[in-house]
Amino acid sequence: MKNICNWNNCFEIGEYKAPIEKDNSKSYRLLCLNHVKEFNKNWNYFSGMNDEQIYNFLKSDMTWHKKTQSFSSSDNFFKVLWNNTLKDEFDKSKLKSDFKFDHKDIKAFGILGLSIGLKWEKIQNKFKTLVKKFHPDMNPGNKKYEEKLKLITLAYTQLKNTYREKIDN
Ligand SMILES: [Zn+2]
């Protein structure tokens with residue numbers, strides 16, 4: 001039996017996971033490709049959070065340190081985010097070259113070890129390199145690497161949302 005997309009009034013097949021909460025629960029809904037793209041586009045991880053909340057979130061055991069929910073388990077929140085992040089591409093040819101970055105973007109460039117305002121392709125390549133380096137499956141039991149990868153993923157998501165806005169506006 002196929003699942004139907006969980007979006008209002010959509011009857012396409014739902015085969016992409018979209019997390020419901022910003023935590024480590026297994027709650028997700030299934031969406032079709034178009035609607036998971038819509039979901040990713042509108043879903044800015046940091047929206048509505050101040051710096052302290054972001055910091056507390058990153059420190060929180062809720063997110064990724066539960067033994068039963070390692071990065072490798074398929075429904076882990078960050079795993080879903082990470083997979084969506086890699087899958088969901090946008091049209092790079094539409095990127096404008098000059099735009100301003102806010103302090104969260106600048107922080108994100110720093111986390112990824114990149115100079116501010118690089119081309120999207122360079123950011124993406126760096127992200128993929130870092131993911132390989134810090135992936136817990138490559139470094140079993142190393143919690144520091146998990147923490148690092150979490151930060152990298154959040155930074156990348158931040159920049160992705162910023163770059164995408166420049167296309168849509
Ligand atoms: Zn749909």
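We use all heavy atoms of the structure for the numbers below, so side chains are in, but hydrogens, waters and symmetry mates are not. Start at 1 and go down the list; that is how both ligands and their atoms are numbered.
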Undergrad: Taking everything shown except Ile13 itself, do over 12 heavy atoms lie less than 6.0 Å from its CD1?
TA: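 Not buried by this count: 12 neighbours or fewer within 6.0 Å.
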Undergrad: Check the pair Phe127, Thr153 against side chain to side chain contact (heavy atoms under 4.5 Å, CB included), reporting the backbone distance first and the verdict last.
TA: CA-CA 8 Å; Phe127 176 67; Thr153 304; 4.2 Å; yes
Undergrad: Report the relative orientation of the aromatic rings in Trp120 and Tyr163; use parallel for angles under 30°, tilted for 30 to 60°, perpendicular for over 60°.
TA: tilted
Undergrad: Show your reasoning for whether side chain to side chain contact (heavy atoms under 4.5 Å, CB included) applies to Trp7 and Glu12.
TA: CA-CA 9 Å; Trp7 207 266; Glu12 298 292 315; over 6 Å; no
Undergrad: Decide yes or no for Val36 and Leu30: does some side-chain heavy atom of the first lie under 4.5 Å from some side-chain heavy atom of the second?
TA: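 SC-SC contact between Val36 and Leu30 ruled out.
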Undergrad: Under 2.8 Å from the Zn ion (ligand 1), which protein N, O or S atoms are there? Could you list them by chain and number?
TA: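 Cys5 SG, Cys10 SG, Cys32 SG, His35 ND1, with waters left out.
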Undergrad: Do the side-chain N and O atoms of Asn3 and Glu15 include a donor-acceptor pair separated by under 3.5 angstrom?
TA: no
